[in-house]
Amino acid sequence: MIVAVASGKGGTGKTTVAVNLALAVSSLKGQKGAQQVFFLDCDVEAPNAFLFLYPTIERCDKVYVSVPQVDSAKCTYCVRCADVCRYNAIAVVRRQVLVFPELCHGCGSCVLNCPEGAINETARVMGVVEQGSAQGGIRFAQGILNVGEAMPVPVIRQLKRQGIPHDRRSSLVILDAPPGTACPVVETMRGADMVLMVTEPTPFGLHDLRLAVQVARDELKLPVAVVINRDGIGDGEVERYCHAQGLPVWMRIPMDRRVAEAYAEGQAMVEAFPAYSQQFLNLYQHILAAVRR
(Lines give C-alpha, C1' and ligand atoms only; values in the text may rest on other atoms or scores of the structure.)
Protein backbone atom coordinates (compact mmCIF):
# COMPACT_ATOMS: atom_id res chain seq x y z
CA MET A 1 0.00 0.00 0.00
CA ILE A 2 1.41 3.34 -1.05
CA VAL A 3 0.25 6.55 0.63
CA ALA A 4 1.43 9.96 -0.55
CA VAL A 5 1.36 12.66 2.14
CA ALA A 6 1.05 15.99 0.37
CA SER A 7 0.07 19.62 0.83
CA GLY A 8 -0.70 22.54 -1.42
CA LYS A 9 1.77 24.78 0.42
CA GLY A 10 4.84 24.46 2.56
CA GLY A 11 4.75 24.67 6.34
CA THR A 12 1.44 22.90 6.92
CA GLY A 13 2.97 19.98 8.83
CA LYS A 14 3.14 17.46 6.00
CA THR A 15 6.43 15.92 7.12
CA THR A 16 5.20 15.92 10.72
CA VAL A 17 2.19 13.83 9.76
CA ALA A 18 4.22 11.51 7.52
CA VAL A 19 6.92 10.88 10.15
CA ASN A 20 4.50 10.29 13.02
CA LEU A 21 2.32 7.99 10.93
CA ALA A 22 5.42 5.94 10.08
CA LEU A 23 6.54 5.75 13.71
CA ALA A 24 3.07 4.83 14.97
CA VAL A 25 2.62 2.02 12.45
CA SER A 26 6.15 0.71 13.03
CA SER A 27 5.30 0.35 16.73
CA LEU A 28 2.91 -2.46 15.76
CA LYS A 29 5.82 -4.63 14.67
CA GLY A 30 5.28 -8.22 15.73
CA GLN A 31 1.54 -7.82 16.16
CA LYS A 32 -1.08 -9.43 13.94
CA GLY A 33 -1.59 -7.51 10.70
CA ALA A 34 1.54 -5.39 11.20
CA GLN A 35 3.18 -4.07 8.04
CA GLN A 36 6.78 -3.25 7.21
CA VAL A 37 7.04 0.53 6.92
CA PHE A 38 8.97 2.16 4.10
CA PHE A 39 9.52 5.92 4.31
CA LEU A 40 10.57 7.82 1.18
CA ASP A 41 11.38 11.52 1.52
CA CYS A 42 10.51 12.79 -1.96
CA ASP A 43 11.05 16.46 -1.11
CA VAL A 44 14.44 16.15 -2.76
CA GLU A 45 15.17 19.89 -2.80
CA ALA A 46 14.91 20.13 0.99
CA PRO A 47 14.62 16.67 2.61
CA ASN A 48 14.22 16.92 6.39
CA ALA A 49 12.52 13.73 7.61
CA PHE A 50 15.94 12.43 8.66
CA LEU A 51 15.92 15.02 11.46
CA PHE A 52 13.19 13.00 13.20
CA LEU A 53 13.84 9.43 12.05
CA TYR A 54 17.63 9.37 12.61
CA PRO A 55 18.37 6.88 9.81
CA THR A 56 21.58 4.96 9.32
CA ILE A 57 22.50 5.35 5.66
CA GLU A 58 23.69 2.06 4.16
CA ARG A 59 23.76 2.83 0.46
CA CYS A 60 24.18 5.91 -1.75
CA ASP A 61 23.56 5.89 -5.53
CA LYS A 62 24.13 8.73 -7.96
CA VAL A 63 21.28 9.91 -10.17
CA TYR A 64 22.19 10.56 -13.79
CA VAL A 65 20.41 12.26 -16.64
CA SER A 66 21.50 11.82 -20.26
CA VAL A 67 22.35 15.07 -22.03
CA PRO A 68 23.28 15.57 -25.70
CA GLN A 69 26.86 15.84 -26.92
CA VAL A 70 27.25 17.15 -30.46
CA ASP A 71 29.97 16.01 -32.87
CA SER A 72 30.73 19.20 -34.78
CA ALA A 73 32.51 17.22 -37.52
CA LYS A 74 29.23 15.51 -38.48
CA CYS A 75 26.77 18.32 -37.72
CA THR A 76 25.28 20.19 -40.71
CA TYR A 77 23.42 22.72 -38.49
CA CYS A 78 20.06 21.71 -39.92
CA VAL A 79 18.28 22.85 -36.72
CA ARG A 80 16.31 19.59 -36.50
CA CYS A 81 17.54 18.93 -32.93
CA ALA A 82 16.35 22.35 -31.74
CA ASP A 83 12.98 21.92 -33.46
CA VAL A 84 12.18 18.63 -31.69
CA CYS A 85 13.37 19.69 -28.22
CA ARG A 86 10.31 20.58 -26.15
CA TYR A 87 12.41 22.02 -23.35
CA ASN A 88 14.62 24.43 -25.33
CA ALA A 89 17.68 22.61 -24.06
CA ILE A 90 19.45 22.79 -27.43
CA ALA A 91 19.74 25.66 -29.91
CA VAL A 92 21.52 26.29 -33.20
CA VAL A 93 22.98 29.75 -33.72
CA ARG A 94 24.55 30.11 -37.14
CA ARG A 95 27.23 27.41 -37.23
CA GLN A 96 27.22 26.64 -33.53
CA VAL A 97 25.12 24.24 -31.46
CA LEU A 98 24.41 25.37 -27.90
CA VAL A 99 23.44 22.77 -25.28
CA PHE A 100 21.88 23.82 -21.96
CA PRO A 101 22.27 20.74 -19.70
CA GLU A 102 20.20 22.19 -16.85
CA LEU A 103 17.13 22.31 -19.13
CA CYS A 104 17.58 18.85 -20.63
CA HIS A 105 15.08 16.16 -19.54
CA GLY A 106 17.08 13.35 -21.13
CA CYS A 107 14.24 12.35 -23.46
CA GLY A 108 16.61 11.49 -26.34
CA SER A 109 14.52 13.17 -29.07
CA CYS A 110 17.49 15.09 -30.45
CA VAL A 111 19.53 11.88 -30.75
CA LEU A 112 16.74 10.00 -32.51
CA ASN A 113 15.92 12.82 -34.93
CA CYS A 114 19.40 13.93 -35.96
CA PRO A 115 19.66 12.99 -39.67
CA GLU A 116 23.46 12.95 -39.56
CA GLY A 117 23.85 10.89 -36.37
CA ALA A 118 25.89 13.75 -34.96
CA ILE A 119 24.45 13.63 -31.44
CA ASN A 120 25.35 11.17 -28.70
CA GLU A 121 24.39 11.18 -25.04
CA THR A 122 26.62 11.66 -22.03
CA ALA A 123 25.69 11.16 -18.38
CA ARG A 124 25.47 14.09 -15.98
CA VAL A 125 25.10 13.62 -12.21
CA MET A 126 22.23 15.66 -10.77
CA GLY A 127 21.74 14.15 -7.32
CA VAL A 128 21.85 11.07 -5.14
CA VAL A 129 19.48 8.53 -3.58
CA GLU A 130 20.33 7.38 -0.06
CA GLN A 131 18.88 4.27 1.58
CA GLY A 132 19.12 2.80 5.05
CA SER A 133 17.22 1.93 8.18
CA ALA A 134 15.61 4.16 10.80
CA GLN A 135 14.26 3.72 14.30
CA GLY A 136 11.45 1.23 14.74
CA GLY A 137 12.73 -0.90 11.86
CA ILE A 138 11.54 1.62 9.26
CA ARG A 139 13.20 1.27 5.87
CA PHE A 140 14.28 4.78 4.95
CA ALA A 141 15.20 6.41 1.64
CA GLN A 142 15.67 9.99 0.55
CA GLY A 143 16.62 11.82 -2.60
CA ILE A 144 18.97 14.80 -2.57
CA LEU A 145 19.06 17.12 -5.58
CA ASN A 146 22.38 18.82 -6.28
CA VAL A 147 22.47 22.53 -5.47
CA GLY A 148 21.59 24.61 -8.51
CA GLU A 149 19.75 21.85 -10.37
CA ALA A 150 16.35 22.79 -11.73
CA MET A 151 14.69 19.38 -12.21
CA PRO A 152 13.84 17.23 -9.17
CA VAL A 153 11.74 14.71 -11.13
CA PRO A 154 14.56 12.33 -12.21
CA VAL A 155 15.73 12.06 -8.60
CA ILE A 156 12.20 11.36 -7.35
CA ARG A 157 11.68 8.79 -10.10
CA GLN A 158 14.84 6.88 -9.15
CA LEU A 159 14.04 7.20 -5.44
CA LYS A 160 10.67 5.52 -5.98
CA ARG A 161 12.16 2.88 -8.26
CA GLN A 162 14.74 1.90 -5.64
CA GLY A 163 12.76 2.52 -2.46
CA ILE A 164 9.34 0.97 -3.15
CA PRO A 165 9.32 -2.80 -2.50
CA HIS A 166 8.01 -5.25 -5.08
CA ASP A 167 5.62 -6.85 -2.57
CA ARG A 168 3.31 -4.05 -1.49
CA ARG A 169 0.65 -6.22 0.17
CA SER A 170 2.59 -6.59 3.41
CA SER A 171 4.13 -3.11 3.33
CA LEU A 172 3.11 0.45 4.04
CA VAL A 173 5.02 2.87 1.81
CA ILE A 174 4.80 6.51 2.90
CA LEU A 175 5.82 9.09 0.32
CA ASP A 176 6.58 12.48 1.86
CA ALA A 177 5.81 14.69 -1.14
CA PRO A 178 7.23 18.13 -1.91
CA PRO A 179 4.89 21.06 -1.25
CA GLY A 180 2.85 22.63 -4.02
CA THR A 181 1.27 21.23 -7.17
CA ALA A 182 4.11 21.22 -9.73
CA CYS A 183 5.78 18.32 -11.57
CA PRO A 184 7.68 16.95 -8.52
CA VAL A 185 4.39 16.56 -6.64
CA VAL A 186 2.71 14.86 -9.59
CA GLU A 187 5.64 12.44 -9.95
CA THR A 188 5.48 11.62 -6.23
CA MET A 189 1.72 10.98 -6.27
CA ARG A 190 1.75 8.92 -9.45
CA GLY A 191 1.21 5.24 -8.64
CA ALA A 192 0.02 5.86 -5.06
CA ASP A 193 -3.06 4.13 -3.69
CA MET A 194 -4.29 7.31 -2.04
CA VAL A 195 -3.25 10.83 -1.06
CA LEU A 196 -3.39 12.28 2.43
CA MET A 197 -3.61 16.07 2.22
CA VAL A 198 -2.30 18.08 5.16
CA THR A 199 -3.68 21.59 5.45
CA GLU A 200 -4.26 24.39 7.93
CA PRO A 201 -7.58 26.21 8.56
CA THR A 202 -6.54 29.54 7.03
CA PRO A 203 -7.43 31.30 3.76
CA PHE A 204 -3.97 30.45 2.36
CA GLY A 205 -4.39 26.84 3.47
CA LEU A 206 -7.79 26.60 1.77
CA HIS A 207 -6.57 28.18 -1.46
CA ASP A 208 -3.67 25.76 -1.83
CA LEU A 209 -5.71 22.77 -0.65
CA ARG A 210 -8.12 23.38 -3.55
CA LEU A 211 -5.26 23.34 -6.05
CA ALA A 212 -3.70 20.20 -4.57
CA VAL A 213 -7.03 18.34 -4.52
CA GLN A 214 -7.59 19.26 -8.15
CA VAL A 215 -4.25 17.67 -9.08
CA ALA A 216 -4.62 14.53 -6.96
CA ARG A 217 -8.31 13.74 -7.32
CA ASP A 218 -9.42 15.39 -10.56
CA GLU A 219 -6.28 14.91 -12.66
CA LEU A 220 -4.63 11.77 -11.24
CA LYS A 221 -7.95 10.17 -10.16
CA LEU A 222 -6.64 9.26 -6.70
CA PRO A 223 -8.74 9.07 -3.53
CA VAL A 224 -8.02 11.96 -1.18
CA ALA A 225 -8.51 12.47 2.57
CA VAL A 226 -7.55 15.44 4.73
CA VAL A 227 -5.63 16.09 7.96
CA ILE A 228 -6.15 19.53 9.48
CA ASN A 229 -3.09 20.76 11.36
CA ARG A 230 -3.10 23.72 13.78
CA ASP A 231 -6.79 23.14 14.31
CA GLY A 232 -8.39 26.04 16.17
CA ILE A 233 -6.78 28.92 14.31
CA GLY A 234 -8.30 30.66 11.31
CA ASP A 235 -11.89 29.98 10.37
CA GLY A 236 -14.15 27.08 9.40
CA GLU A 237 -13.87 27.49 5.62
CA VAL A 238 -11.59 24.47 5.19
CA GLU A 239 -14.11 22.26 7.01
CA ARG A 240 -16.95 23.59 4.86
CA TYR A 241 -14.95 23.03 1.68
CA CYS A 242 -14.13 19.44 2.65
CA HIS A 243 -17.78 18.75 3.47
CA ALA A 244 -18.96 20.24 0.16
CA GLN A 245 -16.38 18.24 -1.81
CA GLY A 246 -16.99 14.96 0.01
CA LEU A 247 -13.43 14.92 1.38
CA PRO A 248 -13.20 13.06 4.70
CA VAL A 249 -11.29 14.78 7.50
CA TRP A 250 -9.59 11.89 9.30
CA MET A 251 -7.51 13.76 11.85
CA ARG A 252 -7.28 17.14 13.52
CA ILE A 253 -4.10 18.25 15.26
CA PRO A 254 -4.75 21.20 17.58
CA MET A 255 -2.62 24.30 17.68
CA ASP A 256 -0.26 23.52 20.57
CA ARG A 257 2.96 25.35 21.39
CA ARG A 258 4.36 22.20 23.05
CA VAL A 259 4.22 20.36 19.71
CA ALA A 260 6.16 23.17 18.03
CA GLU A 261 8.78 23.09 20.81
CA ALA A 262 9.22 19.33 20.43
CA TYR A 263 9.49 19.75 16.66
CA ALA A 264 12.21 22.38 17.07
CA GLU A 265 14.19 19.86 19.16
CA GLY A 266 13.87 17.12 16.53
CA GLN A 267 11.36 15.12 18.57
CA ALA A 268 8.38 13.42 16.94
CA MET A 269 4.90 13.96 18.39
CA VAL A 270 4.36 10.29 19.20
CA GLU A 271 7.58 10.32 21.22
CA ALA A 272 7.04 13.62 23.01
CA PHE A 273 3.34 12.98 23.59
CA PRO A 274 2.57 9.22 23.52
CA ALA A 275 -1.18 9.90 23.56
CA TYR A 276 -0.89 10.89 19.90
CA SER A 277 0.18 7.35 18.95
CA GLN A 278 -3.39 6.07 19.07
CA GLN A 279 -4.62 8.98 16.98
CA PHE A 280 -2.10 8.19 14.25
CA LEU A 281 -3.00 4.51 14.47
CA ASN A 282 -6.65 5.50 13.99
CA LEU A 283 -5.56 7.47 10.94
CA TYR A 284 -3.80 4.35 9.68
CA GLN A 285 -6.99 2.30 10.10
CA HIS A 286 -8.90 4.89 8.04
CA ILE A 287 -6.27 4.57 5.30
CA LEU A 288 -6.44 0.77 5.34
CA ALA A 289 -10.22 0.76 5.07
CA ALA A 290 -10.25 3.32 2.25
CA VAL A 291 -7.62 1.49 0.17
CA ARG A 292 -9.44 -1.82 0.58
CA ARG A 293 -12.64 -0.19 -0.67
Side-chain angles (χ1 to χ4, degrees), residues 1-7 12-43 49-50 52-55 133-142 160 163-177 188-189 191-200 209 212-213 216-217 220 222-231 242 246-254 256 259 262-263 267-293:
M1 178 172 62
I2 302 176
V3 178
V5 183
S7 64
T12 61
K14 167 182 55 62
T15 296
T16 298
V17 170
V19 164
N20 284 278
L21 177 61
L23 289 171
V25 176
S26 69
S27 70
L28 298 174
K29 191 174 182 180
Q31 299 182 30
K32 184 179 179 180
Q35 291 185 313
Q36 172 67 59
V37 179
F38 291 78
F39 189 101
L40 276 62
D41 193 340
C42 299
D43 189 1
F50 70 93
F52 306 95
L53 293 175
Y54 304 103
S133 56
Q135 55 179 315
I138 297 171
R139 295 303 302 169
F140 177 87
Q142 66 179 1
K160 291 175 66 178
I164 295 177
H166 295 296
D167 181 13
R168 303 176 186 176
R169 291 173 296 179
S170 59
S171 305
L172 170 63
V173 181
I174 297 174
L175 307 177
D176 185 8
T188 301
M189 291 180 181
D193 294 304
M194 76 163 300
V195 178
L196 197 60
M197 288 290 179
V198 183
T199 188
E200 57 188 21
L209 175 63
V213 169
R217 186 183 64 179
L220 296 178
L222 296 172
V224 176
V226 176
V227 172
I228 298 179
N229 190 25
R230 302 188 187 95
D231 192 34
C242 291
L247 296 171
V249 178
W250 285 344
M251 187 176 182
R252 295 172 178 83
I253 303 173
D256 188 339
V259 173
Y263 182 91
Q267 198 172 13
M269 290 173 62
V270 296
E271 296 171 338
F273 311 102
Y276 274 108
S277 293
Q278 188 57 53
Q279 294 187 43
F280 279 100
L281 289 175
N282 292 340
L283 175 61
Y284 170 58
Q285 291 301 323
H286 281 302
I287 294 170
L288 275 178
V291 171
R292 284 169 181 165
R293 287 197 299 271

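Sequential numbering from 1 along the given sequence is applied to the chain's residues.
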(request) Only pairs at least two apart or in different chains count here, so list each salt bridge (charged side-chain N to carboxylate O under 4.0 Å, His left out) that has a residue in residues 13-27. (result) Lys14-Asp176
Return the minimal non-hydrogen interatomic distance between [X] and [Y], and the atom names on each side.
{"X": "Ala49", "Y": "Val19", "result": "CB-CG2, 4.1 Å"}
{"X": "Arg217", "Y": "Leu247", "result": "NH1-CD2, 3.7 Å"}
{"X": "Ala216", "Y": "Met189", "result": "CB-SD, 3.7 Å"}
{"X": "Ala22", "Y": "Phe39", "result": "CB-CD1, 3.8 Å"}
{"X": "Asn20", "Y": "Thr16", "result": "ND2-O, 2.6 Å"}
{"X": "Ser277", "Y": "Ala24", "result": "O-CB, 4.0 Å"}

(message) Does the plane of the ring in Phe280 sit parallel, tilted or perpendicular to the ring in Tyr276? Use 30° and 60° as the thresholds.
(response) tilted
(message) Would Leu53 and Leu23 count as a side chain to side chain contact (heavy atoms under 4.5 Å, CB included) here? Give the steps.
(response) CA-CA 8 Å; Leu53 293 175; Leu23 289 171; 3.8 Å; yes
Report the distance from atom [atom1] of [X] to atom [atom2] of [Y], rounding to the nearest 0.5 Å.
{"X": "Phe38", "Y": "Leu172", "atom1": "CZ", "atom2": "CG", "answer": "10.0 Å"}
{"X": "Lys160", "Y": "Leu40", "atom1": "NZ", "atom2": "CG", "answer": "9.0 Å"}
{"X": "Ile287", "Y": "Ile174", "atom1": "CD1", "atom2": "CD1", "answer": "7.5 Å"}
{"X": "Arg139", "Y": "Ser26", "atom1": "CZ", "atom2": "OG", "answer": "13.0 Å"}
{"X": "Asp43", "Y": "Thr188", "atom1": "CG", "atom2": "OG1", "answer": "8.5 Å"}

(request) Please list, chain by chain and in numerical order, all residues satisfying ring pair (Phe, Tyr, Trp, His ring centres under 6.0 Å) with Tyr263, sequence neighbours excluded. (result) Phe52
Taking side chain as C-beta onward, heavy atoms only, is [X] less than 4.5 Å from [Y]?
{"X": "Leu21", "Y": "Tyr284", "result": "yes"}
{"X": "Cys242", "Y": "Leu209", "result": "yes"}
{"X": "Leu281", "Y": "Leu28", "result": "yes"}
{"X": "Asp41", "Y": "Phe50", "result": "no"}
{"X": "Thr12", "Y": "Asn229", "result": "no"}
{"X": "Asn282", "Y": "Met251", "result": "no"}

(message) With side chain to side chain contact (heavy atoms under 4.5 Å, CB included) as the criterion, how do Met1 and Leu288 come out once you've worked through the C-alpha distance, each side chain's angles and the decisive distance to 0.1 Å?
(response) CA-CA 8 Å; Met1 178 172 62; Leu288 275 178; 3.6 Å; yes
(message) I'd like to check the side-chain hydrogen bond (donor to acceptor under 3.5 Å, both in side chains) partners of Asp256; sequence neighbours left out, ordered by chain and number.
(response) Arg258
(message) Applying side-chain hydrogen bond (donor to acceptor under 3.5 Å, both in side chains), can you list everything that pairs with Ser171, at least two apart in sequence or on another chain?
(response) none
(message) Quick check against the 3.5 Å criterion: does Asp231 have a side-chain atom that pairs as donor or acceptor with the backbone of Arg252?
(response) no
(request) Please identify each residue that fulfils side chain to side chain contact (heavy atoms under 4.5 Å, CB included) with Gln267, with sequence neighbours left out. (result) Ala262, Glu265, Glu271, Ala272
Please tabulate, for side-chain N and O atoms in residues 193-200, each donor-acceptor pair with protein atoms closer than 3.5 Å (sequence neighbours left out).
from: Asp193; atom 1: OD2; to: Ile2; atom 2: N; distance (Å): 2.7
from: Thr199; atom 1: OG1; to: Gly205; atom 2: O; distance (Å): 3.3
from: Glu200; atom 1: OE1; to: Arg230; atom 2: NH1; distance (Å): 2.7
from: Glu200; atom 1: OE2; to: Lys9; atom 2: NZ; distance (Å): 3.3
from: Glu200; atom 1: OE2; to: Thr202; atom 2: OG1; distance (Å): 3.4

